[in-house]
Amino acid sequence: MNNLIKQYDKLQNEYGSKELNSVYGCGCCQNPRVALVFMNPTKRNIATDKAWKGLKAQWLGTKQIWDFLVSCDLFSSKINEEIKTKRPKDWTPEFCEYVYEEVKKQGLWITNLAKCTQDDARPLPDQTFLRYKDLLKEELKLVNPQKIFFFGNQVSSIVLDQTITVSTVRQKKFLLKIGNKEYESYALFYPVGNGRFNQHKAVEDIKQILEIT
């Protein structure tokens, strides 16, 4: 994973803000039950600050994603209540470790296709995401998840190498070949930001796929 981190940091200088850190995948790093693959980080994540000394993981200092994972029965509602009381500046390195211990306990690996942090949430072009495609596959091969969830049309289409409209492939199983192994994969609605209006559909699909009752 260290070699991947070096490459991610190099691409940050090409495609991200030079004033910000890149952010890596984190969670259960050995055979998680699910890998969650989002788009790319923004400076809302407190780990992107150059002064940050703690864990460089996804969604630190934010709230929406943890609500979503609770709705999917993939995160502790008790810890989420603590998250709701905190402003971004209240997220200490220790609290971030505490949150991601729960992510590990739930058997989740949380990552982005592109690790280059932007100043805002403007969409990245396909060409930028394509620079990360092979690196993400290497990351997934190292982690070896049982299932992979790709969020949004753009991420799903790029990694699965076909044009995908999530609304037409709900709960459809794709097989992503990495090396000699095929990984069970699904394309889901993006659950936060502009995609939050379809969040309930992503929750439904995840529960059905994982057979959560």
Side-chain angles (χ1 to χ4, degrees), residues 1-27 34-50 56-60 62 64-65 109-145 147-170 172-179 181-198 202:
M1 198 67 76
N2 287 338
N3 181 54
L4 285 175
I5 287 172
K6 289 178 183 178
Q7 294 184 71
Y8 290 146
D9 286 345
K10 182 179 179 182
L11 288 172
Q12 173 71 24
N13 290 327
E14 291 186 45
Y15 296 109
S17 170
K18 292 179 174 57
E19 287 72 43
L20 299 172
N21 290 321
S22 50
V23 180
Y24 320 119
C26 195
V34 184
L36 309 175
V37 183
F38 296 93
M39 296 178 70
N40 61 285
T42 71
K43 68 177 181 182
R44 287 188 62 211
N45 185 326
I46 59 172
T48 64
D49 191 317
K50 289 289 187 181
K56 290 183 184 176
Q58 308 297 330
W59 304 106
L60 299 181
T62 70
Q64 284 188 24
I65 198 65
W109 178 258
I110 302 179
T111 192
N112 286 323
L113 170 52
K115 307 316 193 271
C116 52
T117 303
Q118 308 295 312
D119 290 313
D120 53 34
R122 73 184 66 183
L124 291 178
D126 286 356
Q127 285 303 118
T128 300
F129 282 118
L130 284 166
R131 288 293 303 275
Y132 286 89
K133 180 178 177 179
D134 288 343
L135 295 175
L136 176 69
K137 287 184 175 181
E138 187 176 344
E139 177 182 330
L140 293 171
K141 183 178 180 181
L142 288 170
V143 174
N144 193 37
K147 291 179 174 64
I148 306 171
F149 293 159
F150 295 108
F151 291 96
N153 295 333
Q154 189 177 24
V155 169
S156 302
S157 298
I158 287 170
V159 183
L160 295 172
D161 201 25
Q162 57 186 288
T163 301
I164 288 176
T165 302
V166 169
S167 61
T168 66
V169 296
R170 292 182 64 186
K172 178 181 176 180
K173 180 168 68 175
F174 295 87
L175 295 177
L176 174 65
K177 189 169 184 180
I178 305 176
K181 183 170 181 179
E182 292 182 326
Y183 291 86
E184 183 179 331
S185 304
Y186 298 88
L188 299 168
F189 287 102
Y190 208 85
V192 296
N194 292 334
R196 66 188 181 278
F197 300 109
N198 286 317

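- Looking only at side-chain heavy atoms (C-beta outward), Ile110 and Phe38 come within less than 4.5 Å of each other.
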Practice task
Apply the test side-chain contact (heavy atoms from CB on, under 4.5 Å) to residues Lys115 and Ile5: give CA-CA distance (whole Å), side-chain angles for both, the deciding distance (0.1 Å), then the verdict.
Solution key: CA-CA 9 Å; Lys115 307 316 193 271; Ile5 287 172; over 6 Å; no
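- Applying the side chain to side chain donor-acceptor pair (under 3.5 Å) test to pairs two or more places apart or on separate chains, those with a residue in residues 147-162 are Asp126-Gln154.
- Between the side chains of Lys172 and Thr168, no donor N or O sits under 3.5 Å from an acceptor N or O.
- Between Leu11 and Cys116, the closest side-chain pair of non-hydrogen atoms is not below 4.5 Å.
- In this structure, the side chains of Thr128 and Glu14 stay at 4.5 Å or more apart for every pair of heavy atoms.
- Checking side-chain atoms of Asn198 against main-chain N and O of Tyr190 turns up no donor-acceptor pair under 3.5 Å.
- Taking all atoms of both residues into account, the shortest heavy-atom contact from Ala114 to Pro41 is O-CD, 3.3 Å.
- Within the 4.5 Å cutoff, side-chain heavy atoms of Lys181 are placed close to those of Asn144.
- In this structure, OH in Tyr183 is found 12.0 Å from CG in Leu175, a value given to the nearest 0.5 Å.
- Two residues are said to be in side-chain contact when any heavy atoms from C-beta on lie closer than 4.5 Å; Arg170 and Phe189 meet this criterion.
- Leu130 pairs by the side chain to side chain contact (heavy atoms under 4.5 Å, CB included) definition with Gln127, Lys133, Ile158, not counting sequence neighbours.
- No donor-acceptor pair closer than 3.5 Å links the side chain of Glu184 to the backbone N or O of Lys173.
- Remark: Tyr15 pairs with Arg131 by the side-chain hydrogen bond (donor to acceptor under 3.5 Å, both in side chains) rule, at least two apart or across chains.
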Problem - Residues Lys50, Asn21; criterion side-chain contact (heavy atoms from CB on, under 4.5 Å); working and verdict - result: CA-CA 6 Å; Lys50 289 289 187 181; Asn21 290 321; 3.5 Å; yes
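- Side-chain contact between Tyr8 and Glu139 is present, with heavy atoms from C-beta onward closer than 4.5 Å.
- In this pair, Tyr186 and Phe149 present their aromatic rings perpendicular. The plane angle is above 60°, beyond the 30 to 60° band.
- Annotation: side chain of Leu176 is in contact with side chain of Leu160 (closest heavy-atom distance under 4.5 Å).
- Of the N and O atoms on the side chains of Asn112 and Gln58, at least one donor lies less than 3.5 Å from an acceptor on the other residue.
- In this structure the side chain of Leu140 reaches within 4.5 angstrom of the side chain of Ile148, judged on heavy atoms.
- In this structure a side-chain-to-backbone donor-acceptor pair under 3.5 Å is present from Ser17 to Glu19.
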